[in-house]
Amino acid sequence: TACHGEGGISQTENIPSLAGQPDLFIQWQLIFFRSGTRKNEAMQPIVETLSNEDVRNLGAYFASLPPKKDKTPDADPDLSAKGAQAAAGRRCASCHTDTYAGTKGVARIAGQREDYLLKTLRAYKSGARRGYEATMAEALQPVDDPALVELAYYIARAR
């Protein structure tokens with residue numbers, strides 16, 4: 001709650017909302033953190049103590065929470081249109097589904113915090129983010145930073 005927010009809805013810059021994330025996605029991320037594949041100063045001491053049962057329970061818990069319901073306002077429809085075009089061109093829906101709700105081990109990105117989405121897109125593009133890096137790096141390699149901004153803007157407003 002302190003980091004990821006009440007009910008799994010983050011109110012903190014660059015911290016993702018976990019509510020409504022697919023169960024297996026949460027489990028994989030916890031395993032990536034626990035194994036050291038993904039690194040985060042705040043997460044490391046927490047995940048080191050998690051048992052496999054804890055990982056399964058946390059995955060089920062966050063998957064059971066409803067995702068953010070209120071729609072982030074679209075103050076820039078042109079930016080949204082460019083983001084939609086970038087998402088279609090990068091085939092984002094082929095993994096994240098047509099509604100960007102994710103599935104199984106793939107993240108729900110619809111309605112995620114825009115700042116977190118942009119940070120994550122940049123990290124995958126640079127190779128700094130581990131886990132799924134082959135697929136994400138390949139998809140993002142030809143995308144310039146303005147298009148990453150457009151993608152993050154659009155997906156944060158998708159429902």
Side-chain angles (χ1 to χ4, degrees), residues 1-68 72 83 86-87 89-145 147-149 151-156 158-159:
T1 301
C3 296
H4 295 282
E6 188 72 34
I9 307 294
S10 174
Q11 302 299 316
T12 307
E13 185 177 349
N14 288 315
I15 303 289
S17 292
L18 300 181
Q21 286 292 346
D23 181 354
L24 288 175
F25 174 76
I26 292 290
Q27 289 186 52
W28 275 113
Q29 297 313 299
L30 292 170
I31 289 166
F32 289 152
F33 280 122
R34 189 172 68 183
S35 71
T37 301
R38 271 190 79 186
K39 298 188 184 313
N40 180 285
E41 277 184 34
M43 288 296 296
Q44 289 323 123
I46 296 166
V47 296
E48 288 173 355
T49 64
L50 295 179
S51 68
N52 289 339
E53 184 177 354
D54 294 332
V55 168
R56 286 189 293 276
N57 289 338
L58 285 165
Y61 171 72
F62 284 111
S64 75
L65 298 174
K68 183 178 173 186
T72 304
R90 299 281 41 97
R91 304 175 322 277
C92 300
S94 65
C95 294
H96 294 279
T97 75
D98 290 341
T99 61
Y100 305 111
T103 182
K104 299 180 182 171
V106 178
R108 171 187 189 82
I109 54 176
Q112 186 56 266
R113 292 185 57 87
E114 182 179 350
D115 54 0
Y116 180 74
L117 286 168
L118 183 56
K119 171 184 149 185
T120 302
L121 289 168
R122 286 174 173 156
Y124 273 124
K125 181 175 171 70
S126 73
R129 172 80 180 255
R130 304 299 312 267
Y132 310 104
E133 64 266 22
T135 303
M136 290 298 295
E138 180 182 332
L140 295 172
Q141 204 50 52
V143 181
D144 62 12
D145 199 65
L148 294 179
V149 171
L151 273 169
Y153 184 87
Y154 168 71
I155 292 170
R159 293 285 183 274

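Keep in mind it's a predicted model, so treat the numbers as computed, not measured.
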**Report entry** Glu6 atom CD, neighbour heavy-atom count above 12 within 6.0 Å
**Finding:**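 12 or below, so no.
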Query raised in the report: Would one find more than 12 heavy atoms of other residues, nucleotides or ligands at under 6.0 Å from atom CD of Gln44?
Result: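 Result for CD/Gln44: enclosed.
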For residues [X] and [Y], determine if any side-chain heavy atom of one lies less than 4.5 Å from a side-chain heavy atom of the other.
| X | Y | answer |
| --- | --- | --- |
| Thr97 | Arg108 | no |
| Pro16 | Arg113 | no |
| Leu140 | Leu121 | yes |
| Asn52 | Arg34 | yes |
| Ile155 | Gln112 | no |

If we ignore hydrogens and angles and just use 3.5 Å, is the side chain of [X] paired with the main-chain N or O of [Y] as donor and acceptor?
| X | Y | result |
| --- | --- | --- |
| Lys125 | Val143 | yes |
| Ser17 | Ser10 | yes |
| Asp54 | Ser51 | yes |

Testing the basics here: between [X] and [Y], what is the closest heavy-atom pair and its distance to 0.1 Å?
| X | Y | value |
| --- | --- | --- |
| Ala86 | Ala147 | CB-O, 4.5 Å |
| Ala87 | Tyr100 | CB-OH, 3.4 Å |
| Ala110 | Thr99 | CB-O, 3.4 Å |
| Asp23 | Ala63 | N-CB, 3.6 Å |
| Pro66 | Ile9 | O-CD1, 4.1 Å |
| Pro142 | Arg90 | CG-NH2, 3.7 Å |

Query raised in the report: Yes or no on side chain to side chain contact (heavy atoms under 4.5 Å, CB included) for Arg56 and Glu53, after CA distance, side-chain angles and deciding distance?
Result: CA-CA 5 Å; Arg56 286 189 293 276; Glu53 184 177 354; 3.9 Å; yes
Reported [atom1]-to-[atom2] distance for the pair [X] and [Y], which is rounded to 0.5 angstrom:
| X | Y | atom1 | atom2 | result |
| --- | --- | --- | --- | --- |
| Met43 | Phe32 | CE | CZ | 13.0 Å |
| Leu148 | Tyr124 | CG | OH | 13.5 Å |
| Asn40 | Gln29 | CG | CD | 11.5 Å |
| Gln11 | Cys3 | CD | SG | 13.0 Å |
| His4 | Gln21 | NE2 | CD | 10.5 Å |
| Cys92 | Met136 | SG | CE | 7.0 Å |

Query raised in the report: Given Leu117 and Leu151, is the side chain to side chain contact (heavy atoms under 4.5 Å, CB included) satisfied, shown in steps?
Result: CA-CA 8 Å; Leu117 286 168; Leu151 273 169; over 6 Å; no
